[in-house]
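Each remark here refers to the structure printed beneath this line.
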Amino acid sequence: MITNYLKKNSVVQNSLWIIGSTRTGKTTRLVSQFYQWVEGGLDWSNPKSSSRYQRTPSKAPGILVFAANDDNRRELADRLTEVIRGRYPVLSKTPLGFFQDEVMLFWPLLIGRFDLKAQFPLRLRPETEQDLATQHWRTELDNDLLQLPGGNDYTRVRRLLDLLQLAAVSGIPVEDIPHMLTVGIPEEEGNPELWSTVGKLLLEWRSWCLERGFLTYGIIAELYWRYLLPDPTYQQYLQQRYQAVLADDVDDYPAIARDLFETLLNQGAVGAFSFNPNGQVRLGLNADPNYLADLASRCLVEILPDSSIDAMPVELANTVVELISNSMFIEGLPESIQSIQTTSRAQLLQQTAGVISQAIKSGQVQPGEIAIIAPGLDAIARYTLTEILTNFGIAVEPLNDQRPLVSSPMVQGLLTLLALVYPGLGRLVNRDAIAQMLVVLSSQPQVQELKGESSNMQPATLIDPVRAGLLADHCYAPDPEQPRLLPVESFPRWDRLGHQATTAYSEIFQWLELQREQQQQGLIPSCLVVFDRAIQKFLWHGSNLAYEQLAALRELMETAQHYWEVNGRLGKELKVNDSSQTNQQPSNRQRSTQTIAQFILMLRRGTVTANPYPVRRLPTATNAVTLATIFQYRAARRCHRWHFWLDAGSSLWLSGGAATLFGAHLFLKEWSGRPWTEEDKVQADQQRLERILRDLFGRVTERLYLCHSELAVSGTEQNGPLLSLIHTAINTAVS
């Protein structure tokens, strides 16, 4: 099967294109190829290079390794390092991560082309990009000049920024966006005047960012493919630096990744690529799998057999696909596919959790061998399943759970804290927020005796919600300029609070008074110091926090640090512009207050911030049930013995949802140049559903439960594309 085997003392420098469905061993084959290269299968003296290199790996051109996302990148780097026992450095990147590093490294080259300031570039995190763009386009948003589909300002701004990124990763000049939207979007969704305004705003936004050294993913991608990659100096650098490229799951790569690969191959580098026809997880976001697939014409193609899959038979996946696409198809299902059916969704969540707990209790399966997968997971489902399973003593691991940072009570408490330390923020806080802050800041690790087995250390609060409400009613003095807490004696019946709550409140009160005094004296340089002091004083408790709490605090600190770094650069620019205009300019104190207020409001709008570093859990012995959306599960390339497909009757199985950006189909290289019709949409949705089913069937090895409720959360009847599969499973069980 291996058609490009590199024999000893004989080098065949042909690139390899590996095709295989889910879990057929594509990554393993790439690891094997990497081992052959390092151990002598690759000729490090490239005849197309301007100079010849010794075969010593430390002096030779390197091997550039790519993976589709950061989690996969880390796992691939670990496998490659292990197979060669650390004897060769592994440079592993995601495509966008590589583009960013290269643009940063060759920024001086780009400065001269754009005549920019000689300042180090600063990449904007997504939440900061959203906030700054909203401020930059505020006039157009207020005057209703941006009537994009989607409703609120947040969605409109996000779609504008997404259009810039889609064009950039597709290798399409931003100047061409208005024409593409005019041709490809139906007139009822937008007119030429709207798309012309969109193009103008995007060009202005790009120029505004570049003048200040701000980089977004969209701007980075455009700078790379449009200006850096064609540059002779940069191409010479690539030729000298990389002699081989290895890329896993290229079906999830953007179009400009192929431009990079072809540049390397044209310079004499050798490549190895893997492609999954049933993957394409990021199609509709920034991937162009069909354009990447054409790269196979330059490689020796190796097709891995489906028989190598340790999963349900491929024939079963074919049967399921036929069932949902052909209403006349009649065939029974094996016992490995079962159903859980209820009337209401609340009953479904209860019954699903009950089946899982019973199976684990009876020893049929371990928690770590179970995955609950849904097309969309709302807060009710997450909370209910986690609460029920946790009460049964079963751990639950939400997979890459991206929720607004402000949903964390700790983060809410720390944001409230700022309004009590810095002046001018009184309108951003109320009594309920004060009560919540008192509960959060009075948390203490609960000391328990372990009897035979470990137990979760749940924090106890010294000020319970009832006492916190009383304190907020009697010991909080609201004020627009300087709200503050009052001594506990301000409550006439403070003796009712008890010694524990009184002591905890007094400690919080004295700490706040000290911070306010130091802030007035200019001894606190930024709110980051307040956050750090509060975390150390009230929340840390010697690292007794759960992983999710630690992640939320890291996320808050990284987001705040980045926000202040960006505003610091904007503040310097403002000072320069205001140097000749001293009348009626805001003071440093006013600017600081405005910045803190904008930061608090940004988080309270429900902004989902970038993941903290590191973004994955440290290796532990936790045996937990995985809880994920379809997109999260497929992107993580997980596999389990048992699957529970929640809301199997939902219509969301057919919809791309948040995994499809507005206008994404127009930026594929294969776009026909005509408007996107309803027929095109139906066909694309059907193809996506078939890929999802084949991919998921490749990731379950033993049993599948179709969990269906007749009524959705809204009370409407569920009528999704998998109903025929559900009914067949029910009829098979009855018969």
Report yes if the side chains of [X] and [Y] come closer than 4.5 Å at any heavy-atom pair, otherwise no.
| X | Y | value |
| --- | --- | --- |
| L556 | I535 | no |
| L377 | I372 | no |
| L333 | L725 | yes |
| L428 | L415 | no |
| V281 | D251 | no |
| L163 | L661 | no |
| L723 | I726 | yes |
| L471 | I434 | no |

Say whether, by atom type as modelled, one donor and one acceptor occur between the side chain of [X] and the main chain of [Y] under 3.5 angstrom.
| X | Y | result |
| --- | --- | --- |
| R703 | I337 | no |
| H562 | T128 | no |
| T342 | S344 | yes |
| S443 | V440 | yes |
| S442 | V439 | yes |
| N276 | N278 | yes |
| D252 | A287 | no |
| N391 | E387 | yes |
| T629 | Q632 | yes |
| T24 | S21 | yes |

Please name the pair of heavy atoms, one in [X] and one in [Y], separated by the smallest distance, quoted to 0.1 Å.
| X | Y | value |
| --- | --- | --- |
| L76 | A67 | CD2-CB, 4.3 Å |
| R158 | Q130 | NH1-OE1, 3.2 Å |
| P721 | L654 | CG-CB, 3.9 Å |
| G376 | D647 | O-OD2, 4.2 Å |
| C639 | R23 | SG-CZ, 3.3 Å |
| T416 | A433 | OG1-CB, 3.7 Å |

Compute whether any side-chain donor of one residue and acceptor of the other, for [X] and [Y], lie under 3.5 angstrom apart.
| X | Y | value |
| --- | --- | --- |
| D248 | T27 | yes |
| T22 | D695 | yes |
| N152 | T155 | yes |
| H640 | T626 | yes |
| D432 | Q436 | no |
| Y253 | D288 | no |
| N286 | R282 | yes |

If you round to the nearest 0.5 Å, how far is [atom2] of [Y] from [atom1] of [X]?
| X | Y | atom1 | atom2 | answer |
| --- | --- | --- | --- | --- |
| I373 | F644 | CD1 | CZ | 11.0 Å |
| R156 | L160 | CZ | CG | 10.0 Å |
| I388 | Q351 | CD1 | CD | 11.0 Å |
| Q358 | F392 | CD | CZ | 9.0 Å |
| Q347 | I340 | CD | CD1 | 13.0 Å |
| F631 | L285 | CZ | CG | 5.0 Å |

### Query
Can you pull the side chain to side chain donor-acceptor pair (under 3.5 Å) pairs that have at least one residue in residues 359-381, sequence neighbours excluded?
R345-D378, S362-Q364, Q366-N623, E369-R641
#### Entry: Audit row: L689, W653, side-chain contact (heavy atoms from CB on, under 4.5 Å) steps and yes/no
CA-CA 7 Å; L689 177 60; W653 283 86; 4.2 Å; yes
### Query
For Y217, is the NZ or CZ atom of R123 found under 6.0 angstrom from the centre of its six-membered ring and inside 45 degrees of the ring axis?
yes
Between [X] and [Y] (salt bridge meaning N to carboxylate O under 4.0 Å), is one present in this structure?
| X | Y | answer |
| --- | --- | --- |
| E75 | R637 | no |
| D78 | R74 | no |
| R159 | D162 | no |

### Task
Quick one: do V566 and L132 satisfy side-chain contact (heavy atoms from CB on, under 4.5 Å)? Show the steps, please.
CA-CA 10 Å; V566 170; L132 291 179; 3.7 Å; yes
Would you say [atom1] of [X] has more than 12 non-hydrogen atoms from neighbouring residues, nucleotides or ligands within 6.0 angstrom?
| X | atom1 | value |
| --- | --- | --- |
| R403 | CZ | no |
| Y154 | OH | yes |
| Q536 | CD | yes |
| R427 | CZ | no |

### Task
Evaluate the criterion side-chain contact (heavy atoms from CB on, under 4.5 Å) for residue pair S651 and N719; output intermediate values, then yes/no.
CA-CA 6 Å; S651 59; N719 191 26; over 6 Å; no
### Task
May I ask you to check whether F531 and W540 place their ring centres under 6.0 Å from each other?
no
### Task
List for me each residue that meets salt bridge (charged side-chain N to carboxylate O under 4.0 Å, His left out) alongside K93, sequence neighbours excluded, and say none if there are none.
D101
### Query
Going through the distances and angles, do R694 and F697 end up as a side-chain contact (heavy atoms from CB on, under 4.5 Å)?
CA-CA 5 Å; R694 294 184 187 278; F697 267 99; 5.9 Å; no
### Query
Parallel under 30°, tilted from 30 to 60°, perpendicular over 60°: which one fits the rings of Y705 and W642?
tilted
### Task
Kindly state each residue pair satisfying ring-ring contact (aromatic ring centres under 6.0 Å, His included) with at least one member in residues 335-380, sequence neighbours excluded.
none
### Task
Quick one: do E397 and R638 satisfy salt bridge (Lys or Arg N to Asp or Glu O under 4.0 Å)? Show the steps, please.
CA-CA 13 Å; E397 179 190 359; R638 294 288 187 94; 3.8 Å; yes
